[in-house]
Engineer: 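Below you'll find the structure I mean.
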Amino acid sequence: MPLPPAPEKKASRLTEAYLAKPPKAKAKAKAKRSKPAAQVQTTLTSPSPTVQAPAPAATAPSAKPATPSTTARATGKGASQRTAKAVARAPRATGPKRLFVLDTNVLLHDPMSLFRFQEHDIYLPMVVLEELDGHKKGMSEVARNGRQTSRNLDMLLADHADMTQGVPLNAANHVEASGLLYFQTDSFAGETLHDLPEGKADNRILSVVQGLMRQQAGREVILVSKDINMRIKARALGFLAEDYENDKALDDDELLYAGAIALPADFWSKQSKKIESWQEGAHTYYRVHGPMVEGLLINQFVYFEAPQEPSLFARVTELRDNSAVLKTLTDHSHTKNAVWGVTARNREQNFALNLLMDPDIDFVSLTGQAGTGKTLLALAAGLTQVLDQRRYTEIIMTRATVSVGEDIGFLPGTEEEKMGPWMGAVDDNLEFLAKGDSTGAGEWGRAATNELIRSRIKIKSLNFMRGRTFLNRFVIIDEAQNLTPKQLKTLITRAGPGTKLVVMGNLAQIDTPYLTEGASGLTFVVDRFKGWPYGGHITLARGERSRLADFASDVL
């Protein structure tokens, strides 16, 4: 359909009567919170009352100071979720509302992306609707997202017979989406793209973008796509193209919560006069004060190591006003505190074992490069609490079945037999744990130990997790970097009373298409669970597999 042309007059050219009106108190307060823009934003179609300009045909929306939402990037991500560095790079919106052309993969990746662009407008080419129709069948995550997108579109169009002026996106309590949704009705037949094949869906979308840029001169038209090659082609043709980043927990993976922080060098000297300490069982508690407390989170680890002063390894258990309570840790590096024969070889492994062995912690996330001991520590803690302490009834393990290379095809057997090739890391660690536990027991003793261990470990597939509830289980989700935030949400919400859930992975080994380190489900849960009183996270920094593996991780 033909969109209304972009307004020629700026919104700053208002009538003298309107400018003479005193601003309301609410508008003043809002202007103090956000910096005024150089020009008042001009919208293509605004539901707010318009003020007549001196020219009889020109209209301008009500003057509002530019809010932080107008500075959001073309990816639909709000300024509140972005770092200061990203905000500084973003240009301030002073002209008409942006028009975002969505690629099909954005809707298949996030069905709610229609409502993530705040006050800006969305345009859907007809080829996108055709591709959505082709992905509606099946039980995969892509098919489910395609069907949900179709339901969202049907809900938006239910009460709008005339779509020539756009469909409001603020339906069904999505009040943050104040823009309009447009559908393609023009063919843009005269648009050519430097001899690119016209039959390909990507090229047809690019031709729509080119037609909109000519039709809406003076308005910013931006293509949003998860396909890297699509964005490269668009930019090569001179179009604006960006990735969809609303699902990214962080703009920079370097800002990911590490779970531990070093105390300042003058920690003891500054705290010596007002520090409080007391003993409860085998642990010592310290109440500390000062500006460093403001940056701490519940269940965050703190450590202090200096040559001439006593060391401290503790976990934050309480935050109140300007004080924090630190609880000393169990030293799992000592053989008397070994977990199923495994002792911590470095500081971070000791932190991880303290989280894994704490019955009050329901959720643990572990990240780190290959060989840092994530799977070994989780299995050792699970076996100790299942077989020795009988805190849980069994261990349930699952992982994303994403191949590194060529797929070997269908696998025969039952669910556990099909998952066997994907669980090679589990078998390797179980062999090590069983060998250490049955030293001196002979061949029969080792066989009995292996049988007992494997009887308490169940291997499950992600495909059959929906609708299940795990009671008193120790659940381990391996290779979580290949899962989307929605998939991890599905798995974590399976946890019932008495269940402990461990999520682990290596963000440098993402094999799933369209997933990045910032958009991975593992990054998402680490960022959202930080500071929760019943959850903890630690990043394992040092590899302990072998000197060869450590060197390869650094130089390759």
Engineer: Output, in order, the C-alpha distance, side-chain angles, deciding distance and verdict of side-chain contact (heavy atoms from CB on, under 4.5 Å) for Leu129 and Leu153.
Structural biologist: CA-CA 10 Å; Leu129 301 179; Leu153 292 174; 3.9 Å; yes

Engineer: Do Thr384 side-chain atoms and Trp340 backbone N/O form a donor-acceptor pair below 3.5 Å?
Structural biologist: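 Yes; at least one donor-acceptor contact below 3.5 Å.
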
Engineer: Using atom types as modelled and distance alone, determine if a side-chain donor or acceptor of Gln481 lies under 3.5 Å from a backbone N or O of Gln509.
Structural biologist: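 Looks like yes, one N/O pair under 3.5 Å.
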
Engineer: Could you check whether any side-chain N or O of Asn322 sits under 3.5 Å from a backbone N or O of His289, counting only pairs where one atom can act as donor and the other as acceptor?
Structural biologist: no

Engineer: Parallel, tilted or perpendicular: which fits the ring planes of Tyr303 and Phe313, with parallel below 30° and perpendicular above 60°?
Structural biologist: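 The arrangement is parallel - the two ring planes meet at less than 30°.
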
Engineer: At what distance, to the nearest 0.5 angstrom, does OG of Ser323 lie from CZ of Arg287?
Structural biologist: 4.5 Å

Engineer: Could you report the tightest heavy-atom contact between Glu517 and Ala508, atom names first, then the distance?
Structural biologist: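 Taking Glu517 first and Ala508 second, the nearest heavy atoms are OE2-CA, 4.2 Å.
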
Engineer: Rounded to the nearest 0.5 Å, what separates atom CG in Leu124 from atom CG in Leu132?
Structural biologist: 8.0 Å

Engineer: Over all heavy atoms of both residues, which pair between Gln349 and Thr372 is shortest? Give the atoms and the distance, please.
Structural biologist: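 What the structure gives for the nearest pair is NE2-O, 2.9 Å.
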
Engineer: For the atom pair CG (Leu379) and CD1 (Ile457), what is the distance rounded to the nearest 0.5 Å?
Structural biologist: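 One finds 5.5 Å between CG of Leu379 and CD1 of Ile457.
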
Engineer: Is Ile228 atom CD1 crowded by more than 12 heavy atoms from other residues, nucleotides or ligands, each under 6.0 Å away?
Structural biologist: no

Engineer: What's the shortest heavy-atom distance between Gly536 and Leu355, and which atoms?
Structural biologist: C-CD1, 3.8 Å

Engineer: Among Ile395, Val364, Leu501, which one satisfies side-chain contact (heavy atoms from CB on, under 4.5 Å) with Ile476?
Structural biologist: Ile395

Engineer: Of all heavy-atom pairs between Ala265 and Phe304, which one has the smallest distance, and what is that distance?
Structural biologist: O-CE1, 3.6 Å

Engineer: Is there a donor-acceptor contact under 3.5 Å from the side chain of Thr104 to the main chain of Glu131?
Structural biologist: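 Such a contact is absent between Thr104 side chain and Glu131 backbone.
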
Engineer: To the nearest 0.5 angstrom, please state how far the CG atom of Leu169 sits from the CZ atom of Arg116.
Structural biologist: 12.0 Å

Engineer: Rounded to the nearest 0.5 Å, how far does CG of Leu522 lie from CG of Leu256?
Structural biologist: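 So the gap between those two atoms works out to 7.5 Å.
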
Engineer: Does Arg468 offer a backbone N or O that forms a donor-acceptor pair with the side chain of Arg494 under 3.5 Å?
Structural biologist: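 Flag set: sc Arg494 to bb Arg468 pair under 3.5 Å.
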
Engineer: Indicate whether the side chain of Ser333 and that of Asp331 have a donor and an acceptor atom separated by less than 3.5 Å.
Structural biologist: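 There is such a pair between these side chains.
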
Engineer: Among Lys500, Lys458, Lys460, Arg456, which one satisfies salt bridge (charged side-chain N to carboxylate O under 4.0 Å, His left out) with Glu394?
Structural biologist: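 So the option named by the test is Lys458.
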
Engineer: Once rounded to the nearest 0.5 Å, what's the spacing between atom CG of Asn229 and atom CG of Asp202?
Structural biologist: 9.0 Å

Engineer: Apply side-chain contact (heavy atoms from CB on, under 4.5 Å) to residues Asn145 and Leu107 and explain how you reach the verdict.
Structural biologist: CA-CA 7 Å; Asn145 290 343; Leu107 299 173; over 6 Å; no

Engineer: Between Arg315 (side chain only) and Lys327 (backbone N and O only), is there a donor and an acceptor less than 3.5 Å apart?
Structural biologist: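 The answer is no, because no donor-acceptor pair under 3.5 Å joins these two groups.
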
Engineer: Could you check whether atom CD of Glu294 has more than 12 heavy atoms from other residues, nucleotides or ligands sitting under 6.0 Å from it?
Structural biologist: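 Atom CD in Glu294 is not crowded, with 12 or fewer foreign heavy atoms closer than 6.0 Å.
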
Engineer: Taking all atoms of both residues into account, what is the closest heavy-atom pair of Ser225 and Val106, and its distance?
Structural biologist: CA-CG2, 3.8 Å

Engineer: Can you label the angle between the Trp278 ring and the Tyr285 ring as parallel, tilted or perpendicular, going by 30° and 60°?
Structural biologist: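 The rings of Trp278 and Tyr285 lie parallel, inter-plane angle below 30°.
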
Engineer: Evaluate Asn350 against Phe301 for side-chain contact (heavy atoms from CB on, under 4.5 Å), listing each step before the verdict.
Structural biologist: CA-CA 11 Å; Asn350 189 34; Phe301 291 95; over 6 Å; no

Engineer: Please indicate whether His109 has more than 12 foreign heavy atoms, meaning atoms of other residues, nucleotides or ligands, lying under 6.0 Å from its NE2.
Structural biologist: yes

Engineer: Tell me whether the rings of Tyr286 and Trp268 are parallel (<30°), tilted (30 to 60°) or perpendicular (>60°).
Structural biologist: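 Ring orientation, 0 to 90° scale: perpendicular.
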
Engineer: Any chance you could lay out the side-chain contact (heavy atoms from CB on, under 4.5 Å) test for Ser113 and Tyr244, step after step, and finish with the verdict?
Structural biologist: CA-CA 9 Å; Ser113 59; Tyr244 177 73; 3.5 Å; yes

Engineer: Is any NZ, NE, NH1 or NH2 atom of the basic residue among Arg231 and Glu242 found under 4.0 Å from an Asp or Glu carboxylate oxygen of the other?
Structural biologist: no

Engineer: Please report the shortest heavy-atom distance between Ala324 and Leu296, naming the atom on each side.
Structural biologist: CB-CD1, 4.1 Å

